[in-house]
Each structure stands twice: as structure tokens, then as C-alpha cells.
Amino acid sequence: MGAVVGEEVPLFDGGGEEYRAGRVALVRAVGVVFSESGRASQREAVVDWLRGLLGDPNERIRRYAMAALPKVGEREVVERALAGMARGVSGERERRHAGKALAKVAGRGALEVADVLPAGVAQKIKAGAAREAGGRVLMDVAMPAGVRIHLRGRRGLEGFVRSEVEGSRMLRGRMRVVGGGSGLVVLEAAGGFSLGDVFSLRCFGTLNLVLGEVAQDWEAVAGVIASERVWRMVRALTEGVPRYRLEFIGEGHRRGAVAAIAERVHALRPEMLNDARSAMWAVDLHPAGGRLSVELRPRLVPDPRFSYRLADVSAASHPPLAAAMALLAGRGESVWDPFCGSGVELVERARLGGVRRVYGSDLSREALRAAESNLDAAGVKGVLRCCDFREFPRIAGICDGGVDQIITNPPLGRRVPIPDLKEMIGDLFTLAAEVLRPGGVLVLANPVGSEWRGNPRLRRDVSQRVDFGGFDCRIERYSVRHSRRA
Ligand SMILES: C[S@@+](CC[C@H](N)C(=O)[O-])C[C@H]1O[C@@H](n2cnc3c(N)ncnc32)[C@H](O)[C@@H]1O
């Protein structure tokens, strides 16, 4: 063991009861030191020492040794020692401590004793083993008719989601919009669809399968999650052992309630495991007029729809919002994003098809590197330049009616105040009127309001207030009038 430990441990071992009780922190310190450093032979010695402490007459020393053991490695030896401890001790409290430590190593040995442990800990151990074995949500399984889906997302994007559903060839005749609310579009399936089909839509934030609506009663919530109907659905949609994370939406951590519901679900349906870490499912509890809407959500990280986003910038657009802006632009053969950042709007527009020329400009080299790699990953070819947006049309040769569409999320002056924001957006309108073809469109997030009014070539035809993640902004569409002297 290390130098300090080499001196302290013999003193600890040879000390009297009181001396040892006063230096119990040494046990934790040894665990921490050897979790980060130490040769294999030293770790073995540490594990031996800690195992010896599992038989100490002092309960605190035993407890500290149990907590330190999983940190040090030597997984199989540690697991055997802790499993023996869990089986051997008589007190419930000590068994729980042994179980908690075991949950951190969670191999086959831990699973063998899981059933003698308190329910919450047993579930943790099973979840740990299942996590290690892997698993995922199956996106191509056919789902039955009657399933309800809540597509949730940013407030203000509901209309885009609805028109995506209604215009989707993939979902035609299989899914219809039956309701909605703020940031919510409710769908009902006529059958024969898969989760992957719904993920062909790009403007929603999360896909939630509605399991039921119940009173704020934990027994009722657990009853829904563990029901036969839900189990059949979860089973069919999961490869591996289904694990879920439980969350009260908009209410912060409610650890007591989460633990109570998870334990009850486990008692009713032991095959379904609560797991706060990297579970493939979330069960979200959304407030619904004094009741709770219980919703099952695949946790897909990264979101497969936006997997081209290999690189990011801090001011990057929320991808479903960029998708909505692309949708708003409609048809066109060429598109320019003057403030392209990591290129999300450009990729989203290119994915809709019909685009032959893609242009992007940004002042930041880092942003352009991100845009390059994202466009590349999405298979989109573009002309990208590091320059002020006012310079770009000349550089790219698109000065006079050279593009069909401008789609952009400019700096909004929120995180970094921009003194000449109004002037900058004014310049954008002036430039748009010059570079856009007659009939072309400018789609932007507009942080300043009415700067376009001085420009007779532009006509505003859409203005939609959208939640930009804590503040509202308008996304707007302007069309270029056909006559230059309008
Ligand atoms: C809101 S971000 C754009 C985010 C982008 N849509 C994305 O998803 O990554 C605004 C971008 O404008 C760029 N910018 C600021 N002033 C500029 C200017 N005068 N000319 C060109 N780009 C500028 C910033 O470097 C920043 O990357």
C-alpha cells in the first residue's frame, strides 16, 4: 500500500477499539486513493485489508469497508465478499448497506443474493446487471391500432408538427391528429406503424406513448406501469431487459415518490426494472389538470434524426426548430444561411429535397469547422466561408437575385449583448431584398421586430411566436415581391 497508508494502516490495525473508531475515515480514504491509483498488487492488498474489516466488531468500520470495496476494483473478489456479507448478516440495515455496495459491482454473484436483499436494493442490482448486458428500443416493431402518442416539443411549433403529420406519406392512413395543447400534438394510430415511422417527423421534441391518466396516487401510477397491456408493449419494443427512468415533469426531483412507485412496480412486475442510469425508457409523469398523464418515452441519445450533428457550437439552434424553419421556407433550389453556425438549418433544408446549391457564412472559424463536419456527415455539399455576412454575396457571386431562400437564426443578443443588433438585422433585410430572386423567401428568427418595414420588396407572410428555450422569439417568413419597384 502507499507510503501514508503503509504507516497508518498498521497503526489502525494495532489500535484499541476507541482509537480505531476515531480513525474510521481512514477506511474511506484508502478506498478513494486506490480507486484512482495503485498497482495491481497494491489493490489486492487493499482488498484483502478491507475484506478483513467486514468482520470488524464495530458496525461503522464494517459499513465503511463495504462502501470502499467496490471502488478498488478486483471485482469478482469484492463481489464474493459482499455477497457473503449480504447473506450472512442478520440486521436489515446492514444487509441494505451490503446490497448498496453490491449494486455498484452488480455481476452474477450479486444477482444470486438479490432476492435476500431489501426490494429497492435488489432492483438496483438487477438493473446494474441488465445495464451491463445492454439493450435498446426497437424502432421497427409494428404497433397496434388505438395507441395514443403525445408529440411534445417547443411551444409555438405545434402547427409545424401537425402539418408534418398531415403531409407525411409514411404516416398517411396510419396516424391522425386528434388533439393538442401548448407544446403538444396528440396522435392516434390506426395501426401498422412503427416508432421509426414517427421519427421521420422532425419538428417535435419527444415522442411519448400514452399509458394512461390517473389520480396523483402512487398505487394507481404503479398499476398502470406494471399492467399487462403496458408490459406487452414494452416487451415487444425492447431488446434486452426493459429498464426505465421515472420522472415527474416540471416538479424537480421527487425522490421519495419515485422510490415508492418504482418499488411497487417491481413488486407487481419484477421483470421491469427502474434504473436512473442510461435506461432505454423514461416513464414521464406529466401534470394533467390535477391528474397525471403517464407516458413512456424512448430515451434516444443522440436523437437518431439529428445524428449528423457530430460537432456543436454553444449558440446552435434547437434542431426541431431549425427543421420547422426549413419547412416554412418551402421549395427552392438554392439556400443561404448568413449566420450558419454549425449548419443545422442548412442540413435540415437540404434534407427536404430539391436543393442544388447550399451556402453558409459565419464570422467564427470554429463554427465553420463544425458546419463542415455536420454537412459532410449529412452528405450535403456546400460553399462555406468565414466572413461577415455582408461580404458573402460578393465572395460567392450571388449578389443580384442569386438565391431562392435565406434561412437563418441570427445572434439574438440574449447571452452576448449585441449593441448594433437592430442595425445588423436591418442590413440582413436589405441584403435579402437584393440577393433573393423574385418569389424567393427569407425565413428568420427575428429578435428585433419591424426592421423590414422600410423595405418595399419584402412582404411578411408568417410570424409565429416560439419558445426559444426560456424566452420567446418570432420565426417569420418574408417573400420577395415579383416587381422590383413594388
Ligand atoms: C445563433 S448562432 C447560429 C447557430 C446556427 N444556426 C447553428 O445551429 O449552429 C449565430 C451565429 O452568427 C455568427 N455571427 C455573428 N455575427 C456575424 C456576422 N456579422 N456575420 C456572420 N456571422 C456572424 C456567430 O458566430 C454565430 O455562429
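Each ligand, and each atom within it, is numbered from 1 in the order the structure gives. Only a predicted model underlies this, so the values are computations on that prediction, with no experimental measurement involved.
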| task | Using a 4.0 Å heavy-atom threshold (strictly under), name the region of P410 that reaches ligand 1: side chain, backbone, both or neither. | result |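 The part of P410 near ligand 1 is the backbone, not the side chain.
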| query | Who gets closest to atom 14 (N) of ligand 1 by heavy atom: F468, F339, F389? | reply |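 Going through F468, F339, F389 one by one, F339 has the nearest heavy atom to atom 14 (N) of ligand 1.
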Run the numbers for me: atoms of ligand 1, each under 4.0 Å from some heavy atom of [X], listed by number.
X: G341; value: 5 (C), 9 (O), 27 (O)
X: V344; value: 8 (O)
X: C387; value: 20 (N), 21 (C)
X: S364; value: 25 (O)
X: S342; value: 7 (C), 8 (O), 9 (O)
X: P338; value: 21 (C), 22 (N)

Tell me which protein heavy atom sits closest to [atom], plus the residue, atom name and distance to 0.1 Å.
atom: atom 1 (C) of ligand 1; result: N409 O, 3.3 Å
atom: atom 8 (O) of ligand 1; result: S317 N, 2.8 Å
atom: atom 11 (C) of ligand 1; result: D362 OD2, 3.4 Å
atom: atom 19 (N) of ligand 1; result: D388 OD2, 3.0 Å
atom: atom 4 (C) of ligand 1; result: A315 O, 3.4 Å
atom: atom 22 (N) of ligand 1; result: L363 N, 3.2 Å
atom: atom 15 (C) of ligand 1; result: P411 CG, 3.4 Å
atom: atom 5 (C) of ligand 1; result: C340 O, 3.4 Å

| query | Going by the angle between their ring planes, with limits at 30° and 60°, are Y308 and F306 parallel, tilted or perpendicular? | reply | perpendicular
| request: May I ask you to decide if the ring planes of F248 and W218 are parallel, tilted or perpendicular, using 30° and 60° as cut-offs? | output: perpendicular
Should [X] and [Y] count as an ion pair when the cut-off is N to O under 4.0 Å?
X: D275; Y: R245; answer: no
X: R459; Y: D461; answer: yes
X: R264; Y: E219; answer: yes
X: E333; Y: R357; answer: no
X: E348; Y: R351; answer: no
X: E434; Y: R457; answer: no
X: R152; Y: E295; answer: yes

| field | Atom pair CD1/CH2 of I225 and W281 - distance to nearest 0.5 Å | value |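 Result: 13.5 Å between the selected atoms.
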| message | I'd like to know whether NZ of K100 has more than 12 heavy-atom contacts from other residues, nucleotides or ligands below 6.0 angstrom. | response |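 Open: at most 12 neighbouring heavy atoms sit under 6.0 Å from NZ of K100.
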N or O contact, [X] vs ligand 1, cut-off under 3.5 Å:
X: A316; result: no
X: S361; result: no
X: V313; result: no

| query | Should the pair R385 and Y359 be classed as cation-pi, given the thresholds of under 6.0 Å to the six-membered ring centre and 45° from the axis? | reply |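 Because its charged atom misses either the 6.0 Å distance or the 45° angle limit, R385 does not stack over Y359.
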